[in-house]
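When reading the values below, keep in mind they use all heavy atoms of this one structure, side chains included, and skip hydrogens, waters and symmetry mates. Counting starts at 1 for both ligands and their atoms, following the listed order.
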Amino acid sequence: MSLKSEAEPVQSPADFERLLQVAMSDDGGGEADPSAEQVPLLLLVDDKPELLQSLSELVRAHGYRVVEALGGRAAIDALGKQSFDVVLLDLIMPELSGHDVLEFAARKGINAKFVVVSGDTSFAGARDALTRGAFDFVKKPYEAAELLAALEKALRHRELEQRNVHMENRLLMSEQLHRFIVNSSPDLVYILDRNGCFSFLNDRIETLLGYRKEELVGRHYSELVHEEDLDAARNLFNERRTGGRAAQNTELRLRSRRARSTERPFQSQFVWMDLTAQGVYSDHTERTRANFRGTYGTARDISERKEAEQVINFQAYHDLLTHLPNRALLRDRLSLAIAQAARNKRRLAVMFLDLDRFKIVNDTLGHTMGDRLLKAVSNRLQGCLRKGDTLSRFGGDEFTLLLPEVRTRDDVVVIAEKILDKLAAPFVIDGHELFVGASIGVAMYPEAGDSVESLIQSADIAMYHVKGRGKNGYQFFAEEMNSKFSTRLSLERELRNALTSGELRVFYQPQVSLDDGHIVGVEALVRWQHPRLGLIAPADFLSVAEETGLITQVDEWVQARAFQDIGEWRRVGLGNVRLSVNISAQQLEQDGFLERFFTAFVGSGMAPEQLKIEITENAIMKDIEVIVPKLREMRRRGLRIAIDDFGTGYSSLSYLQQFPISTLKIDRSFVGDIRADRSDASIINAIVAMAKGLKLDLIAEGVETRTQLNYLKSQGCKEVQGFIFSRAIPAPELMGLLRNNPFAGVLRGEPAVVASAI
Ligand code: C2E
Ligand code: MG
Ligand code: MG
């Protein structure tokens with residue numbers, strides 16, 4: 001076989017396989033192992049047949065195999081055909097001499113041993129033969145013993161030479177094999193000298209970290225190690241590692257020069273490696289500092305595993321949709337923040353934030369839109385944060401915000417208002433304009449709780465109060481919120497009881513014509529006369545009523561009661577007033593709703609146009625297919641339908657046109673925005689224009705000030721409802737107002753008569 005020289009390194013797997021086969025076979029890859037027992041083959045050359053004959057007999061007698069060549073030509077022929085161990089060569093021959101044969105053998109690289117057997121005893125002849133490659137010289141006539149001794153010497157020599165070549169070959173192959181293994185290793189293999197400088201690196205360094213080997217040889221390992229991992233590296237290399245400890249693995253980040261993919265966010269210019277190190281000593285029995293020579297070891301790329309770990313870690317502590325911290329991480333950070341606040345005698349705030357109209361978007365436009373909206377909301381919220389604040393997604397449309405650095409409530413108010421302000425602008429997603437407000441509950445440490453659980457719960461309770469009070473706003477947790485009902489469950493139980501034991505009341509709030517101050521209608525509003533807690537406003541119990549489905553019973557009861565009251569007022573000549581009742585989506589959705597409702601209504605003896613149903617946009621949107629046909633039927637039978645809290649919902653103008661409605665009721669939040677110092681009442685202007693365009697009646701609720709009253713009047717709003725005239729009051733008080741109609745004076749500028757109650 002032909003061996004590869006150093007200049008021709010092993011490169012391909014095929015090369016490697018061949019080397020491996022050679023290394024694992026016993027015969028050195030075809031090079032005959034000279035130690036194998038074999039009878040030597042000799043070539044005898046002489047031009048004298050009788051001399052050839054006697055020489056042949058002599059060596060045969062000693063057990064050698066023999067080929068005879070009569071003359072130089074025959075010798076060259078034989079040498080060309082096969083290889084011999086020793087050639088016994090006559091020098092002086094006609095035609096081709098022994099010298100010619102030697103020359104031929106040298107030229108052809110024939111490696112048999114040549115022993116010249118010649119009668120030419122001249123010094124020049126012998127020298128000539130030896131310089132042409134003859135091994136030994138035996139003078140003719142020879143003595144048998146002398147000839148045999150020369151022959152044996154030549155054979156022994158040849159054998160030694162062959163052994164040598166064979167061993168060299170094997171060494172060379174072994175060296176190449178190991179070099180190949182080291183260089184094609186998936187791991188980095190390195191050697192450090194006693195000072196910690198690289199003295200060897202395998203080829204892997206180039207693909208792994210992007211350095212050429214030559215650049216690093218002589219450089220200190222610390223130049224490659226991430227500064228945060230230097231201690232670990234020092235530990236790994238400086239501790240004189242041997243034996244069991246040597247195998248220990250250490251995970252480090254090494255500086256890489258290779259450009260890393262931008263798609264993998266966790267990858268930096270550092271690569272995570274798992275390193276092993278083994279100390280090398282000049283004397284292995286004495287592993288002392290003086291004996292220490294350096295370190296060798298391997299380094300494996302574990303960046304993929306590390307990245308996977310980071311992703312898993314991220315997933316465990318983050319919400320995958322918004323990438324915000326999740327509940328678990330929030331709890332973690334909150335408990336840390338509480339500990340810090342306690343130590344420094346500082347305060348902190350937890351905000352619980354629930355989106356107001358998210359469910360409608362999700363239900364009507366689908367989850368994909370819902371998800372996109374959540375992402376957009378989370379982006380806007382993040383814009384409101386300061387360094388150190390933690391915004392987390394608690395689940396669904398709930399977010400929590402931890403503000404560890406607040407001193408006063410005012411600090412929190414600024415942030416809450418900023419958030420509400422940011423969320424007020426519509427989100428435009430896929431061509432839809434989506435409006436979401438937020439209800440924010442705030443709990444301050446330590447007054448609203450001193451543990452993770454109690455703070456989150458307090459913020460949650462405060463948030464529910466905002467929801468109950470018309471949403472889109474914020475409230476701080478107050479002890480009373482807790483004291484009314486210890487749990488939502490107890491509220492539910494007591495509300496069920498209230499329905500059967502007659503604790504509910506209906507109060508009425510007048511609706512006043514701006515033309516002449518006449519009470520043109522009344523809105524029936526439920527109250528709960530709680531035996532222990534006193535009079536409770538609907539904000540405090542309607543959300544639970546809705547969640548539990550009790551709302552239908554509440555609605556039916558309120559309506560029945562109001563119809564009854566109207567009947568009584570009629571008997572005293574006050575029964576012409578228009579009645580507005582609020583109706584929930586759940587009541588409308590019920591099977592058999594229309595029959596039941598109209599049975600009750602007909603029993604009241606009212607004219608159809610005397611009754612107005614108030615329903616919010618959101619309630620309609622909850623179940624358009626079921627609710628709109630029912631509203632249409634009510635409208636067909638002559639009832640009026642008002643969209644309550646108009647402007648806060650998510651319906652578009654095109655939807656509105658399909659609804660069988662007669663009145664828009666401007667939400668009190670817009671009315672509240674009308675202030676002397678603020679001329680920006682563009683939403684009201686828009687609603688007024690819309691009502692005109694769609695030929696709908698208009699009423700504004702929540703009017704408290706004369707400025708608001710005048711502004712609404714100037715815009716062409718015909719009816720209003722609000723504290724400026726009266727709060728919602730019990731039926732007997734209302735009868736007094738109906739009788740006296742005292743509001744004309746208010747319109748003329750006289751002081752407002754504000755009736756009592758809530
Ligand atoms: P709503 O239907 O929009 O009723 C108007 C609310 O605004 C009433 O609150 C009323 O007291 C309040 N309000 C009226 N004028 C003013 C004002 O000038 N300033 C302020 N700040 N508030 C004013 P209330 O009675 O607490 O009712 C809250 C909500 O509860 C109602 O809002 C309605 O959505 C719901 N609700 C009340 N009674 C019933 C009912 O019998 N059935 C159903 N389904 N919902 C009801
Ligand atoms: Mg209403
Ligand atoms: Mg309203």
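Side-chain atoms of Asp555 and Gln586 include no donor-acceptor pair closer than 3.5 Å. Side-chain contact annotation: Tyr508 with Asp565, donor-acceptor N/O pair under 3.5 Å present. Residues Glu494 and His530 bring a donor and an acceptor atom of their side chains to less than 3.5 Å of each other.
When the heavy-atom distances from atom 42 (N) of ligand 1 to Ile583, Asp555, Ile551 are ranked, the shortest goes to Asp555. Of the candidates Gln587, Gln511, Arg527, Arg527 brings a heavy atom nearest to atom 11 (O) of ligand 1. For atom 32 (O) of ligand 1, the nearest non-hydrogen atom from the set Arg668, Gln559, Glu614, Arg561 comes from Arg668. Among Trp557, Phe507, Phe541, Phe723, the residue whose heavy atom sits closest to atom 16 (C) of ligand 1 is Phe723.
A salt bridge links Glu556 and Arg596; the closest N-O separation between the charged side-chain nitrogens and carboxylate oxygens is under 4.0 Å. Residues Asp645 and Lys665 are not paired through a salt bridge, judged by the lack of any N-O separation under 4.0 Å between the basic side chain and the carboxylate. Looking at Glu633 and Lys630, no side-chain N of the basic residue comes within less than 4.0 Å of a carboxylate O on the acidic one, giving no salt bridge.
Among the atoms of Asn582, an N, O or S atom falls under 2.8 Å from the Mg ion (ligand 2). Within the coordination shell of the Mg ion (ligand 2), defined by N, O or S atoms under 2.8 Å, Asp644 is present.
Residue Leu542 touches ligand 1 through its side chain alone, judged by heavy-atom distances below 4.0 Å. Looking at Glu523 against ligand 1, only its side chain comes within 4.0 Å, counting heavy atoms. Neither the backbone nor the side chain of Val506 comes within contact range of ligand 1; no heavy atom lies under 4.0 Å. Residue Gln509 touches ligand 1 through its side chain alone, judged by heavy-atom distances below 4.0 Å.
Numbered from 1 in the order shown, with element, the atoms of ligand 1 that lie under 4.0 Å from a heavy atom of Pro538 read 24 (P), 25 (O), 26 (O), 27 (O), 28 (C), 30 (O), 37 (C). Interface of Asp645 with ligand 1, defined as ligand atoms under 4.0 Å from a residue heavy atom, comprises 3 (O).
Of all N, O or S atoms in Glu614, the one lying closest to the Mg ion (ligand 2) is OE1. Note on Glu523: its N/O/S atom closest to the Mg ion (ligand 2) is OE2.
Residue-to-ligand polar distances place Val526 within reach of ligand 1: an N/O pair is separated by less than 3.5 Å.
In summary, the aromatic rings of Phe352 and Phe394 are positioned with their centroids under 6.0 Å apart.
Residue Gly702 places a heavy atom less than 4.0 Å from ligand 1.
For Arg380 (side chain) and Gly383 (main-chain N/O), no donor-acceptor pair under 3.5 Å exists by modelled atom type.
Here the rule is side chain to side chain contact (heavy atoms under 4.5 Å, CB included) with Met351, and of Leu391, Thr400, Leu403 only Leu403 fits it.
Using the six-membered ring where Trp is involved, Phe598 and Phe601 have ring planes that are perpendicular, over 60° apart on the 30 and 60° scheme.
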